[in-house]
Amino acid sequence: MGTSSRYSPPWGDASIIGVAGGSGSGKTSLALAIVASLNLPWVVIMSMDSFYKPLTPAQSKKAFSNDYDFDSPEAIDFDILVDRLRDIKQGKVAEIPVYSFEKHARVEETTTIYSPHVLILEGIFALHDPRVLELLDLKIFAEADSDLCLSRRLVRDIKERGRDIEGCIKQWFDFVKPNFHKYVAPQREIADVIVPRGIENKVAIAMLSDSIQKTLHRKSTLHQQELRRLGQIAEESPLSENACVIKQTNQVRGIHTLLMNPETESEEYIFYFDRMTCLLIEKAVDFLPFTPAQVSTPAPHNYPYMGLHKTLEVSAVVILRGGSAFETGLRRTIPDCRTGRILIQTNYRTGEPELHYRALPSNIAEHGLVMLLDPQMSTGGAALMAVRVLVDHGVPEDRIVFVTYLAGRVGVNRVLSAFPDVRAVVARLGDDMEDRWVETRYLGC
Amino acid sequence: MSSDMQPLAPSQSVGPEYRPATQKPTATVSTPLPHENVHTLPQTPQLIALLTMIRDKNTGRADFIFYSNRIIRLLVEEGLNHLPVVGQTITTPVGRTYSGVKFEGKICGVSIMRAGEAMEQGLRDCCRSVRIGKILIQRDEETSKPKLFYHKLPEDIADRWCLLLDPMLATGGSALMAVEVLKSRGVPEDHILFLNLIASPEGAKSFAEQFPKVRVVTAFVDVGLDSKNYIIPGLGDFGDRFYTM
């Protein structure tokens, strides 16, 4: 399969917006105001404070006596920042360091940023490094009166960062003010927009918000075109070899008949659906790689048997909410199966799938097989996005198996042509674009 | 290993079709049999791995119960496919017609005590309110032949399809006697399905010869029996491992 059928999610080309400005100029409030006016879940603010270099013991001592220059570009770890920004730009998972101002060091935990459509990078040097500038879609400089800046900074450092007033004032005159003129102010030259008066400037915020909305809309259109293009590729080809429809035995057909018959009682429906799930899961786990192993039967015979051992873990990722209908059957087959969850919702306005929530096992990339569970696949849009989420989290394509009860040929082909090494296990091939009745019947609403 | 080891166990690489043979792990698979009434489950890597778990002497009781139940469910699913169905056309929730099938005929389970009772849960997992009869057959100390001690079966068993449950088929002495009991109650031979986890080629052969219409559904046919009529390699005493060990 050529690259022509690859799939890129809406966050595949994240917009990154840089907000620079002097200390206390209201960059954070401005970023927050932009986020609030966008009112979308896919906008993330990343502060450059996270990228302070960890201090050596000598530097740390200076920092505690307010003799360390935090307001010079030298204090920022631009290499890591650029690295993480590139990951976010490409739609990958980025681990962002957390910097503790109390300890002047990075703490062990990191914050994960994944799949923002828009990332706002805010910091005094957001527009400083040319490598960062290359990645920015919009460059904003927040302007504020320097008296206002100083007073804001004093309040924040004393209240939130546990400093004393003398130290803060010393820092201001030793470092902050001279550095502003040397490094911060020149960034105005390369900014696209200079916003005076911060959050009071409603007109500027509305303009910025509009511009970002337009970008998002353009991306959504592109993404839908991409889905349609993949659909065309899918429509023209026969069912992919990587799709495995379970054998339509009498029992399987009998269960289909019961499940599809609207007259079947709900209790009955759940019972037969669970039974079908077990069959699907048993089929899916066959894709797990096994290792030869010799065992011996109990005493007194101790006969040897050359069999197979499971050496790698099988896990599941439930695509909410439908996928949860598979959980009873899943636990009947693998009671301790680690189970991640993803919530993908289709936007009724645009018909576009959107990623709302994601909680995955931390070592998912090392699992021998990851089953993606969704009882029904119609267009394959949500499935594409779910597979992409797993791939972004380091799961190799050939270890992903998509398990579904009902799917259309075009939907399956769309996913399997975009990800040629992924496999699908399907209980029944139906029409494309059926209503999502399978989980509605199971969950009763 | 004992010196009276007979035929060699068949070994082959097992795995999904798409994977080339060189990438599939090699394992011992079920011994092929010529009898038409013996149906062996597909030898998938997953099934082999489950069997490996229950054969292993180091597998504890909880795991033994869990993994044997998983195989039993597969056996029941396969067994049920031999039951008759009638066509039924329905309208799906999206308004399309689907020409499906409806399960036809009443069924019941009959477990040969005590190991066969371990298979009841698997049967109930697939058929919720299934009736289950019991048969107790023990070896007579004097004649060393199987002897019927007890049976309790549904009244209308003659009108039902019978799923006879016994996990291990060695010489087949008790299973064959159980079939006799069912026949004497009026169950036609071709309405009996014998569900079994591990069979010996000898036991399967006796079934094929004595009751050619009884269908045997098994997960695995082992290589043979030893001088004391234990299955080689088998898995030890199923009842002990499931209930008391």
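Please read all numbers here as calculations on a predicted model, not as lab measurements. Throughout, a chain's letter reflects where its sequence line sits, starting with A, and its residues are numbered from 1.
When each of B:Pro233, B:Ala27, B:Pro25, B:Ser11 is checked for heavy-atom pairs under 4.5 Å with chain A, B:Pro233 comes out on top. Among B:Arg96, B:Lys102, B:Glu78, the residue making the largest number of heavy-atom pairs under 4.5 Å with chain A is B:Arg96. In terms of non-hydrogen atom pairs under 4.5 Å with chain B, the most contact-rich of A:Glu241, A:Glu268, A:His309 is A:Glu268. Taking chain A as the reference chain and counting heavy-atom pairs below 4.5 Å, the highest number among B:Ser99, B:Ala49, B:Pro84, B:Cys126 is found for B:Cys126. With respect to chain A, the highest number of heavy-atom pairs below 4.5 Å among B:Asn58, B:Leu74, B:Asn81 belongs to B:Asn81. Taking A:Arg441, A:Arg275, A:His301 one by one and counting their heavy-atom pairs under 4.5 Å with chain B, the maximum is reached by A:Arg275. Between chain A and the options B:Leu235, B:Leu47, B:Val101, heavy-atom pairs under 4.5 Å are most frequent for B:Val101.
Using cut-offs of 30° and 60° on the angle between ring planes, the pair B:His82 and B:His39 is tilted. Ring geometry for A:Tyr272 versus B:Phe103: interplanar angle of 30 to 60°, hence tilted.
Under 3.5 Å, the side chains of B:Arg241 and B:Thr59 contain no donor-acceptor pair of N or O atoms. Side chain to side chain, B:Gln88 and A:Thr257 fail the donor-acceptor criterion of an N or O pair below 3.5 Å.
Neither the backbone nor the side chain of A:Arg436 comes within contact range of chain B; no heavy atoms are under 4.5 Å apart. Proximity to chain B involves both the backbone and the side chain of A:Ile255, based on heavy atoms less than 4.5 angstrom apart. When heavy atoms are compared at a cutoff of 4.5 Å, A:Cys244 does not approach chain B at all. For B:Phe66, the part lying under 4.5 angstrom from a heavy atom of chain A is the side chain only.
In this structure, B:Phe194 and B:Thr218 have side chains that are not in contact, with every pair of non-hydrogen atoms separated by 4.5 Å or more.
For the side chain to side chain donor-acceptor pair (under 3.5 Å) test with A:Ser315, the passing option among A:Arg338, A:Glu366, A:His367 is A:His367; the others fail.
B:Arg128 forms a cation-pi arrangement with A:Phe271, by the criterion of a distance under 6.0 Å to the ring centre and an angle within 45° of the ring axis.
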